[in-house]
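Data block below; observations after.
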Amino acid sequence: MKKRTEISKILSHPPLQAEVTVMGWVRAFRSNRFIALYDGSSAKTLQIVVNFEQFDENLLKKISFHACIAVTGKLVESQGVGQTVEVLAQHIEILGESNPEAYSLQPKVQTMEFLREKAHFRMRTATFSSVFRIRHGVAYAIHKYYNDRGYYYLHSPIITGSDAEGAGEMFRVTTLNLDHVPKTSEGTVDFSLDFFEKPTNLTVSGQLQAEIGALALGKVYTFGPTFRAENSNTSRHLAEFWMIEPEVAFYDIEDNMDLAEDFVKYLINYVLEHFPDDVAFLDQRIKDAEKNMKQEERRPMGLLDTLRFVVDNAFERITYTEAIELILNSKEYKKGKFEFELAWGKDLQAEHERWLVEKCFKKPVIVRNYPKDIKAFYMRLNDDGQTVAAMDVLFPGIGEVIGGSQREERYDVLLQRMHEMGIDEHELLWYLELRKFGGCPHAGFGLGFERMVQFITGMGNIRDVIPFPRTPGNAAF
RNA sequence: GCCUCCUUAGCUCAGUCGGUUAGAGCGGCGGACUGUUAAUCCGUAGGUCCUUGGUUCGAGCCCAAGAGGAGGCGCCA
């Protein structure tokens with residue numbers, strides 16, 4: 001294959017007056033003369049100028065929307081205002097035709113719902129290519145952040161024999177013949193004949209295994225797929241999503257909050273620094289879409305301004321008890337603007353979290369020290385005996401992006417909490433033994449990867465920031 | 001799991017009180033133009049009004065069931 005130059009390289013260091021060969025797909029062909037070509041390497045297109053009198057008419061007709069072409073020509077300064085350089089085409093080859101009469105995408109704004117059903121084509125659009133470039137950037141930045149700080153990447157298992165995490169409904173993993181399920185003499189499923197000789201599921205969290213790592217390697221993180229079989233139908237939930245779970249020995253809840261805040265700010269900064277064109281495009285895309293919307297439906301701030309604001313300001317840190325008081329004393333609550341009643345001991349509803357973030361503080365909020373009864377068994381009991389050292393990081397628009405805690409390192413207290421919450425201690429003997437032998441204070445959290453990408457890209461639906469979303473009733477592609 | 005809304009041309013939608021031949025923009029196709037940036041201008045084709053059943057002289061419109069989709073809530077990341 002002839003050597004090609006990537007569009008991003010041409011745009012960043014233009015080899016003016018040199019002959020270049022570019023290969024990519026047609027985003028637009030205007031006036032039978034100007035091709036906007038993209039090849040995935042940049043959010044920007046490269047303008048190809050075609051002197052149509054010099055080319056065969058049949059060839060020109062095949063330069064249609066999303067057709068794949070190779071162009072050789074001289075790179076020159078552009079005469080137009082929309083771009084700095086352009087290629088004067090000397091030779092054009094059609095690598096892959098795209099018959100516009102039959103092709104399902106069109107050069108116009110199409111709805112996210114329509115494009116979601118065309119997942120094999122949607123990545124070709126400007127919006128989705130920007131989203132997935134940024135998604136890659138966030139993933140890379142996660143590894144870079146932890147690697148640069150001496151953390152070890154720990155691979156927690158995807159198939160788990162434990163169903164005690166309590167993080168949600170699980171997907172069963174089995175090789176049993178579902179048409180003829182073997183039964184025990186009691187009539188229950190005989191899992192001793194299954195592949196693992198016991199019931200197994202897809203993981204809902206790598207946290208408990210990460211704790212094993214933290215108590216040996218000091219600082220670890222997991223970053224992998226997790227699965228929840230909840231029948232969740234919202235723009236913030238997926239059945240298959242990716243989660244980052246750092247776990248750190250000798251960290252308490254304060255250290256944990258510092259880490260969470262520093263971490264997410266780093267990720268946003270990384271994208272702002274390395275993907276400015278993509279962020280600018282998505283920012284403009286949202287502004288264009290909001291032109292036809294009422295004032296109250298628009299975002300309070302543009303995407304770029306929101307990201308800069310989050311990076312430049314300290315997150316608000318309050319306790320659960322303070323949060324309850326703020327909400328109960330708010331004029332909105334007194335006027336009955338909230339759907340759900342609130343009282344100490346009840347979990348904050350989405351509307352309460354949104355009020356704290358978007359109305360009260362107008363910035364990300366970390367809420368800590370929740371009542372023990374509404375949180376998981378492994379969270380460390382505070383001295384008041386009523387609350388646990390849990391923390392949630394709440395973001396505007398998408399709510400909870402991080403949930404974490406200082407873990408209960410005291411064997412007796414942990415055992416007691418497991419009994420209180422009906423957790424079978426025999427299932428988690430290994431977890432208890434971590435406390436019995438060489439235990440120490442430690443803490444960690446889980447960051448929802450797609451929720452983070454959703455926030456950074458400003459996409460309204462989490463299904464549009466993962467290439468192939470899995471949701472109830474949908475596992476296409 | 002619960003609640004609400006939607007389904008009309010390839011796409012996005014309009015369609016009045018139930019009334020004759022189903023409307024627009026974009027896209028496609030044909031042509032004109034040629035330094036465009038969502039190019040522009042002229043012309044043109046394109047419809048199982050989601051499906052099934054019902055009410056009615058008459059249904060895109062009303063009723064019922066089903067299918068598909070979206071939004072909100074809960075669960076959480």
Side-chain angles (χ1 to χ4, degrees), chain A residues 27-36 44-53 61 64-65 76 78-83 86 88 98-118 126 165-169 204-207 223 225-245 260 264 284-285 288-289 292 338-340 347-354 374-376 392-395 398-404 445-455 460-466 471-474 476:
Chain A
R27 180 151 290 146
F29 188 21
R30 286 183 287 268
S31 300
N32 213 21
R33 186 180 288 278
F34 305 101
I35 302 171
K44 291 182 172 160
T45 55
L46 178 65
Q47 173 148 291
I48 312 293
V49 181
V50 182
N51 204 349
F52 58 85
E53 298 88 346
K61 279 197 171 173
S64 59
F65 185 58
V76 298
S78 178
Q79 297 174 35
V81 292
Q83 57 283 318
E86 61 195 17
L88 303 176
S98 183
N99 178 3
E101 279 186 277
Y103 187 45
S104 41
L105 297 201
Q106 295 169 8
K108 57 175 283 190
V109 174
Q110 304 193 96
T111 61
M112 291 297 127
E113 292 79 28
F114 174 75
L115 292 170
R116 213 173 284 152
E117 292 175 5
K118 314 279 181 207
E165 284 94 337
E169 290 295 311
V204 294
S205 163
Q207 179 207 311
F223 182 11
T226 43
F227 308 87
R228 307 269 167 95
E230 302 286 347
N231 189 13
S232 295
N233 295 290
T234 82
S235 57
R236 313 183 300 283
H237 289 87
L238 291 164
E240 176 183 302
F241 65 101
W242 289 63
M243 189 154 63
I244 301 98
E245 296 179 287
V264 297
Q284 190 57 47
R285 175 189 164 273
D288 289 345
N292 299 321
F338 289 105
E339 185 184 345
F340 291 91
D347 207 355
L348 298 174
Q349 302 292 324
E351 58 176 352
H352 304 132
E353 296 181 348
R354 210 173 303 130
I374 58 171
K375 287 292 178 180
D392 284 352
V393 180
L394 311 176
F395 265 34
I398 49 176
E400 189 179 340
V401 286
I402 285 179
F445 61 80
L447 169 73
F449 180 60
E450 281 78 13
R451 287 193 182 167
M452 197 66 218
V453 177
Q454 203 185 344
F455 180 75
N461 194 311
I462 200 167
R463 293 162 206 190
D464 299 326
V465 300
I466 186 167
T471 51
N474 194 341

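Residue numbers begin at 1 in each chain, while the letters A, B, ... track the order of the sequences.
Of the side-chain N and O atoms in A:Gln106, none sit less than 4.0 angstrom from OP1 or OP2 of B:C26. OP1 and OP2 of B:U36 both lie 4.0 Å or more from every side-chain N or O belonging to A:Arg27. Distances shorter than 4.0 Å separate some side-chain N or O of A:Ser235 from OP1 or OP2 on B:G72. OP1 or OP2 of B:C75 has not a single side-chain nitrogen or oxygen of A:Ser232 nearer than 4.0 Å. OP1 or OP2 of B:A70 sits under 4.0 Å from a side-chain N or O of A:Arg116. One finds no side-chain N or O of A:Arg228 lying less than 4.0 angstrom from the OP1 or OP2 phosphate oxygen of B:G74. Distances shorter than 4.0 Å separate some side-chain N or O of A:Asn231 from OP1 or OP2 on B:G1. Residue A:Lys108 places no side-chain N or O under 4.0 Å from the OP1 or OP2 atom of B:C13. Taking side-chain N and O atoms only, A:Arg30 has no distance below 4.0 Å to OP1 or OP2 of B:U36.
Using a 4.0 Å heavy-atom cutoff across all strands shown, A:Asn461 reaches sugar-phosphate atoms only and no base atom. Within the nucleic acid shown, A:Ala102 has no heavy atom closer than 4.0 Å to any nucleic acid atom. Note on A:Ile402: only backbone sugar-phosphate atoms sit closer than 4.0 angstrom, heavy atoms only; bases stay farther off.
The base of B:U37 lies outside donor-acceptor range of the side chain of A:Glu86, with no N or O pair under 3.5 Å. Interface remark: the A:Arg33 side chain does not form any donor-acceptor pair with the B:C33 base, using a distance-only criterion of under 3.5 Å. One can find a donor-acceptor pair under 3.5 Å joining the base of B:G35 and the side-chain atoms of A:Gln79. Side-chain to base pairing of A:Gln47 with B:U36: one donor and one acceptor N or O lie within less than 3.5 Å of each other.
Comparing B:A39, B:G28, B:G74 against the side chain of A:Glu101 picks out B:G28 as the nearest. Listed candidates were B:C73, B:A39, B:U12. Nearest to the side chain of A:Arg354 is B:C73. Taking only side-chain atoms of A:Gln83, from C-beta outward, the nucleotide of B:C73, B:C11, B:U37 with the closest atom is B:U37. Residue A:Arg463 has its side chain nearest to B:A70 when only B:G74, B:U36, B:A70 are considered. Closest to the side chain of A:Pro100, from the set B:G74, B:C29, B:G35, is B:C29. If you check B:U36, B:A70, B:C75 against the side chain of A:Gln349, the one that comes closest is B:C75.
With both ends at atom P, the span from B:U51 to B:A39 equals 35 Å, rounded to whole Å. Taking the C1' atoms as reference points, B:G58 lies 7 Å from B:G19, given to the whole Å.
The neighbour count for A:Lys375 NZ, taken as heavy atoms of other residues, nucleotides or ligands under 6.0 Å away, is above 12.
Classified by interplanar angle (parallel below 30°, tilted 30° to 60°, perpendicular above 60°), the ring pair A:Phe338/A:His352 is tilted. Relative ring orientation between A:Phe223 and A:Trp242 is described as perpendicular, the plane-to-plane angle rising above 60° on a 0-90° scale split at 30° and 60°.
For the pair A:Glu351 CD and B:G71 C1', the computed distance is 16 Å after rounding to whole Å.
Residues A:Phe241 and A:Arg451 form no side-chain contact, since every pair of their non-hydrogen atoms from C-beta on lies 4.5 Å or further apart. Residues A:Arg463 and A:Arg116 are in side-chain contact: their nearest non-hydrogen atoms beyond the backbone lie under 4.5 Å apart. By the 4.5 Å heavy-atom criterion applied to side chains, A:Thr226 and A:Gln207 are not counted as neighbours. Within the 4.5 Å cutoff, the side chain of A:Leu105 has heavy atoms near those of the A:Phe114 side chain. Side-chain contact check for A:Leu238 versus A:Thr471: some heavy-atom pair is nearer than 4.5 Å.
In this structure, A:Leu447 CG and A:Glu400 CD are separated by 10.5 Å, a value rounded to the nearest 0.5 Å.
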Scan nucleotides 3-6 of chain B against the protein and return all N/O pairs shorter than 3.5 Å with their distances rounded to 0.1 Å.
none

Polar atom pairs (N or O), protein with nucleotides 47-50 of chain B, under 3.5 Å:
none

Review point. So what is the 5' to 3' dot-bracket string for RNA chain B, if pairs are Watson-Crick or G-U wobble with both distances under 3.5 Å, crossing pairs use [ ] and | means the partner sits on another strand?
Key: (((((((..((((.....[...)))).(((((.......))))).....(((((..]....))))))))))))....

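Across all non-hydrogen atoms, the minimal contact from A:Ile462 to A:Arg236 is CD1-O, 3.6 Å.
With RNA chain B read from its 5' end, the first of the two nearest nucleotides for A:Pro107 and A:Phe241 is the one closest to A:Pro107. When each of A:Lys375 and A:Asn474 is assigned the nucleotide of RNA chain B with its nearest heavy atom, A:Asn474 is the one assigned upstream, toward the 5' end.
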